[in-house]
A.B. asks: 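Let me begin by handing over the structure; questions about it come next.
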Amino acid sequence: QVQLVESGGGLVQPGGSLRLSCAASGRAFNNYGMAWFRQAPGKEREFVAAISWSGGTQWYADSVKGRFIVSRVNAEKTVFLQMKSLKAEDTAVYYCAAALSRAGSEIASEYDYWGQGTQVTVSS
């Protein structure tokens, strides 16, 4: 069992930056591939980024490549999403997700555990 708690969301102006954190509790965190998804009002939940167990491999949605960086610190059981050059279309609730023994999937249903989400609003 893994519990995930996101933090770091907020209101930021276009072009600004935010860093989201996802703190995990439970055992064997380094056995989980981790990912970030987001969901805007009236839209489907969409893949943002994923990271492998060791952190050595990352995957990104085309819409965030070059602007977002996903990282993890296994000793702290934490995953981060560094976001820069934020745009209005990045506005959404951002969710952290964990998949046991799987990494890099862009399919939400393949993840076993989810956090409650943190709101990111990009607006002037």
Side-chain angles (χ1 to χ4, degrees):
Q1 186 81 10
V2 173
Q3 292 184 324
L4 304 172
V5 179
E6 302 96 334
S7 61
L11 173 64
V12 62
Q13 292 186 341
S17 299
L18 275 177
R19 189 176 82 153
L20 305 183
S21 299
C22 172
S25 61
R27 300 174 63 182
F29 174 72
N30 56 346
N31 286 347
Y32 287 83
M34 301 296 296
W36 290 94
F37 286 75
R38 67 187 181 187
Q39 187 166 18
K43 294 188 176 182
E44 296 285 322
R45 189 169 297 191
E46 66 173 359
F47 170 79
V48 175
I51 190 165
S52 62
W53 306 281
S54 68
T57 305
Q58 303 88 38
W59 297 263
Y60 296 96
D62 288 343
S63 60
V64 306
K65 278 180 183 175
R67 299 189 299 121
F68 291 11
I69 297 174
V70 60
S71 60
R72 66 190 293 167
V73 179
N74 285 343
E76 298 178 1
K77 297 184 180 180
T78 305
V79 180
F80 302 97
L81 185 67
Q82 178 69 52
M83 307 184 293
K84 66 178 183 180
S85 302
L86 283 162
K87 307 174 183 179
E89 50 264 44
D90 294 318
T91 296
V93 177
Y94 283 71
Y95 296 91
C96 177
L100 181 61
S101 300
R102 185 195 304 269
S105 174
E106 299 184 10
I107 302 172
S109 61
E110 294 187 350
Y111 286 82
D112 303 298
Y113 301 101
W114 292 83
Q116 83 291 345
T118 186
Q119 176 70 48
V120 172
T121 303
V122 184
S123 175
S124 55

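The figures here come from the full heavy-atom set of this structure, side chains too, leaving out hydrogens, waters and symmetry mates.
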A.B. asks: For Glu89, does the CD atom sit with more than 12 other heavy atoms under 6.0 Å from it, leaving out its own atoms?
C.D. replies: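 Yes, the 6.0 Å shell around CD holds more than 12 heavy atoms from other groups.
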A.B. asks: Give, for atom OG1 of Thr118 and atom CG of Leu81, the distance between the pair rounded to the nearest 0.5 Å.
C.D. replies: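 The OG1 atom of Thr118 sits 11.0 Å away from the CG atom of Leu81.
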A.B. asks: Can you check whether Leu100's main-chain N or O pairs, donor with acceptor, with Asp112's side chain at less than 3.5 Å?
C.D. replies: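 Pair found, side chain donor or acceptor close to backbone of Leu100.
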A.B. asks: If I take atom CD1 from residue Ile107 and atom CZ from residue Phe37, how far apart are they, to the nearest 0.5 angstrom?
C.D. replies: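 Taking CD1 in Ile107 and CZ in Phe37, the distance rounds to 8.5 Å.
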A.B. asks: Within the distance-only criterion (no hydrogens, no angle test), does the side chain of Thr91 pair as donor or acceptor with the backbone N or O of Val122 below 3.5 angstrom?
C.D. replies: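 At least one qualifying donor-acceptor pair exists.
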A.B. asks: Take Lys65 and Asp62 through the salt bridge (charged side-chain N to carboxylate O under 4.0 Å, His left out) test and state the conclusion after the steps.
C.D. replies: CA-CA 5 Å; Lys65 278 180 183 175; Asp62 288 343; 3.2 Å; yes
A.B. asks: Rounded to the nearest 0.5 Å, what's the gap from OG on Ser21 to CD on Gln82? Could you check?
C.D. replies: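 Reported to 0.5 Å precision, the distance equals 9.5 Å.
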A.B. asks: May I ask you to test the Val73-Phe80 pair for a side-chain heavy-atom distance under 4.5 Å?
C.D. replies: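 A side-chain contact exists here, since the closest heavy-atom pair is under 4.5 Å.
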A.B. asks: If only atom types and distance count, is the side chain of Tyr111 paired as donor or acceptor with the main-chain N or O of Ser105 below 3.5 Å?
C.D. replies: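 Such a contact is found between Tyr111 side chain and Ser105 backbone.
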A.B. asks: Sequence neighbours left out, what pairs pass disulfide (SG to SG under 2.5 Å) with at least one residue falling in residues 82-124?
C.D. replies: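 Every disulfide (SG to SG under 2.5 Å) pair that includes a residue of residues 82-124, provided the two are not neighbours, is Cys22-Cys96.
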A.B. asks: Can you see whether Tyr32 has Arg72 sitting over its ring - NZ or CZ less than 6.0 Å from the centre and within 45° of the normal?
C.D. replies: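 Geometry flag: not set, cation outside 6.0 Å or 45°.
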A.B. asks: Can you find a pair of side-chain heavy atoms, one from Val120 and one from Arg38, that are under 4.5 Å apart?
C.D. replies: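 Val120 does not reach Arg38 side chain to side chain.
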A.B. asks: So which atom in Ser52 and which in Ala103 form the shortest heavy-atom distance, rounded to 0.1 Å?
C.D. replies: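 Minimum heavy-atom contact is CA-CB, 3.9 Å.
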A.B. asks: Decide yes or no for Leu11 and Ser123: does some side-chain heavy atom of the first lie under 4.5 Å from some side-chain heavy atom of the second?
C.D. replies: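 Leu11 vs Ser123: side chains touch.
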A.B. asks: Give a yes or no on this: more than 12 heavy atoms of other residues, nucleotides or ligands lie within 6.0 Å of atom CD of Gln3.
C.D. replies: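 Check fails, neighbour count at 12 or below.
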A.B. asks: Nearest 0.5 Å, what's the CZ-NZ distance between Arg19 and Lys84?
C.D. replies: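 Result: 15.0 Å between the selected atoms.
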A.B. asks: Which pair of heavy atoms, one from Pro14 and one from Ser124, lies closest together, and at what distance?
C.D. replies: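 Looking at all heavy atoms of both residues, the shortest contact is CD-N, 3.7 Å.
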A.B. asks: Within the distance-only criterion (no hydrogens, no angle test), does the side chain of Gln116 pair as donor or acceptor with the backbone N or O of Val5 below 3.5 angstrom?
C.D. replies: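 Side chain of Gln116 to backbone of Val5: no pair is present.
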A.B. asks: Would you say Gln39 and Tyr95 make side-chain contact, with heavy atoms under 4.5 Å?
C.D. replies: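 Heavy-atom side-chain distance check passes, below 4.5 Å.
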A.B. asks: Using the side-chain contact (heavy atoms from CB on, under 4.5 Å) rule, take Phe47 and Trp59 through it: C-alpha gap first, then chi angles, then the decisive distance, then the call.
C.D. replies: CA-CA 10 Å; Phe47 170 79; Trp59 297 263; 4.1 Å; yes
A.B. asks: Within this structure, what is the OG-CG distance for the pair Ser101 and Asn31, rounded to the nearest 0.5 Å?
C.D. replies: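 Here the rounded value is 5.5 Å.
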A.B. asks: Which pair of non-hydrogen atoms, one from Val2 and one from Ala24, has the smallest distance, and what is that distance?
C.D. replies: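 Looking at all heavy atoms of both residues, the closest pair is CG1-CB, 4.3 Å.
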A.B. asks: Hey, what do you get for OG1 (Thr78) to CG (Leu4), rounding to the nearest 0.5 Å?
C.D. replies: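 If I round to the nearest 0.5 Å, the distance is 10.5 Å.
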A.B. asks: Side chains of Met34 and Phe29: closer than 4.5 Å at any heavy-atom pair?
C.D. replies: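 Side chain of Met34 against side chain of Phe29, heavy atoms only: contact under 4.5 Å found.
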A.B. asks: Is Leu20 close to Met83 at the side-chain level, that is, under 4.5 Å between some pair of heavy atoms?
C.D. replies: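 The answer is yes; the side chains approach within 4.5 Å.
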A.B. asks: Does Tyr60 reach the main-chain N or O of Gly66 with its side chain, forming a donor-acceptor pair under 3.5 Å?
C.D. replies: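 Judged by distance alone, no pair lies under 3.5 Å.
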A.B. asks: List the atom of Ala50, the atom of Gly104, and the distance in Å for their closest heavy-atom pair.
C.D. replies: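 Closest heavy-atom pair between Ala50 and Gly104: CB-CA, 3.9 Å.
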A.B. asks: Is there a chain of hydrophobic side chains (I, L, V, M, F, W, Y, each step under 4.5 Å between heavy atoms) that links Ile69 to Tyr94?
C.D. replies: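 In one cluster with Ile69: Tyr94, yes.
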A.B. asks: Looking at Asn74 and Trp53, would you say the former's side chain and the latter's main chain have a donor-acceptor pair under 3.5 Å?
C.D. replies: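 Looks like yes, one N/O pair under 3.5 Å.
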A.B. asks: Mind checking whether Tyr113 and Val93 sit in one hydrophobic cluster, side chains of I, L, V, M, F, W, Y counted as touching below 4.5 Å?
C.D. replies: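 Shared cluster, no.
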